[in-house]
Amino acid sequence: MYTVIKDLEISACHKLNLNYASKCTQMQGQNWHIRVICESNELNENGMVVDFTHIKQFISDMFDHQDLNEKMDINPTAENIAKMICDNVANCVRAEVQESDGNLAIYDKTR
C-alpha cells in the first residue's frame with residue numbers, strides 16, 4: 001500500500017447555520033490546517049498515488065481565501081469540509097481539518 005500525505009494551511013471565512021445560539025453564526029475568519037491522506041495499492045502511470053500539486057490546487061481553488069458559505073452547498077463545518085475533500089481528491093481516504101487550536105475534525109473513508 002502506498003500512502004501520500006499533504007499538509008496545507010489556508011485562510012477562509014465562514015459562518016455556521018446552527019439551531020442554537022452561538023457566536024459561530026457570525027462571519028469569522030480562520031487559518032485552517034488541512035491534512036490530506038491518499039492511498040493506493042498501485043501507482044498511476046506517472047508513478048504516483050496522486051500528484052501533490054493536484055491536491056494543493058483543489059484545496060486552494062475551493063477553499064483558500066474564500067467565503068465557504070458561498071463555495072459549499074451545505075453548512076461549512078470542519079466536518080463537512082473534511083468530507084468534501086475526501087470526496088473530491090483522487091485516492092483520498094482521510095482528511096483532517098483543524099479550524100483553530102484544539103479543534104480538529106476528521107473524515108475517514110476506511111472506518
Using the rule that Ile, Leu, Val, Met, Phe, Trp and Tyr join whenever any side-chain heavy atoms are under 4.5 Å apart, tell me whether [X] and [Y] fall into a single cluster.
{"X": "Ile10", "Y": "Ile55", "value": "yes"}
{"X": "Val50", "Y": "Leu8", "value": "yes"}
{"X": "Trp32", "Y": "Ile37", "value": "no"}
{"X": "Met84", "Y": "Val97", "value": "yes"}
{"X": "Val36", "Y": "Tyr2", "value": "yes"}

- Message: The test is side chain to side chain contact (heavy atoms under 4.5 Å, CB included); show your working for Met48 and Leu43 and say whether it passes.
- Response: CA-CA 5 Å; Met48 301 176 187; Leu43 301 177; 5.7 Å; no
Taking every non-hydrogen atom, the tightest pair across [X] and [Y]:
{"X": "Cys38", "Y": "Cys92", "value": "SG-CA, 3.7 Å"}
{"X": "Ala82", "Y": "Ala105", "value": "CB-O, 4.3 Å"}
{"X": "Ala12", "Y": "Phe63", "value": "CB-O, 3.4 Å"}
{"X": "Leu16", "Y": "Pro76", "value": "CD2-O, 3.6 Å"}

- Is it true that atom CG of Asn103 has more than 12 heavy atoms of other residues, nucleotides or ligands lying nearer than 6.0 Å? yes
- Query: How about Asp101: does its CG atom have over 12 heavy atoms from other parts shown lying under 6.0 Å from it?
  - Reply: no
Do [X] side-chain atoms and [Y] backbone N/O form a donor-acceptor pair below 3.5 Å?
{"X": "Lys109", "Y": "Cys86", "result": "yes"}
{"X": "Asn91", "Y": "Val49", "result": "yes"}
{"X": "Asn31", "Y": "Ser11", "result": "no"}
{"X": "Thr25", "Y": "Ser22", "result": "yes"}

- Polar contact flag, side-chain donor to acceptor under 3.5 angstrom, Glu96-Gln98: no
- Task: State whether a side-chain donor-acceptor pair under 3.5 Å links Asn75 with Thr77.
- Result: no
From [X] atom [atom1] to [Y] atom [atom2], the distance as rounded to the nearest 0.5 Å:
{"X": "Leu68", "Y": "Met62", "atom1": "CG", "atom2": "CE", "answer": "8.0 Å"}
{"X": "Phe58", "Y": "Lys6", "atom1": "CZ", "atom2": "NZ", "answer": "15.0 Å"}
{"X": "Tyr107", "Y": "Asn80", "atom1": "OH", "atom2": "CG", "answer": "10.5 Å"}
{"X": "Asp51", "Y": "Lys56", "atom1": "CG", "atom2": "NZ", "answer": "11.5 Å"}
{"X": "Asp108", "Y": "Lys83", "atom1": "CG", "atom2": "NZ", "answer": "12.5 Å"}
{"X": "Cys13", "Y": "Gln26", "atom1": "SG", "atom2": "CD", "answer": "12.5 Å"}

Between [X] and [Y], is any pair of side-chain heavy atoms under 4.5 Å apart?
{"X": "Met72", "Y": "Ile81", "value": "yes"}
{"X": "Arg94", "Y": "Ile106", "value": "yes"}
{"X": "Ile85", "Y": "Ile59", "value": "yes"}
{"X": "His33", "Y": "Asp7", "value": "no"}

- Are Asp67 and Met27 close enough, and set up right, to give a side chain to side chain contact (heavy atoms under 4.5 Å, CB included), and what steps lead you there? CA-CA 9 Å; Asp67 177 345; Met27 187 62 71; 3.7 Å; yes
- Assess whether side chain to side chain contact (heavy atoms under 4.5 Å, CB included) is satisfied between Gln28 and Lys15, documenting all intermediate values. CA-CA 6 Å; Gln28 57 189 296; Lys15 63 180 180 175; 5.6 Å; no
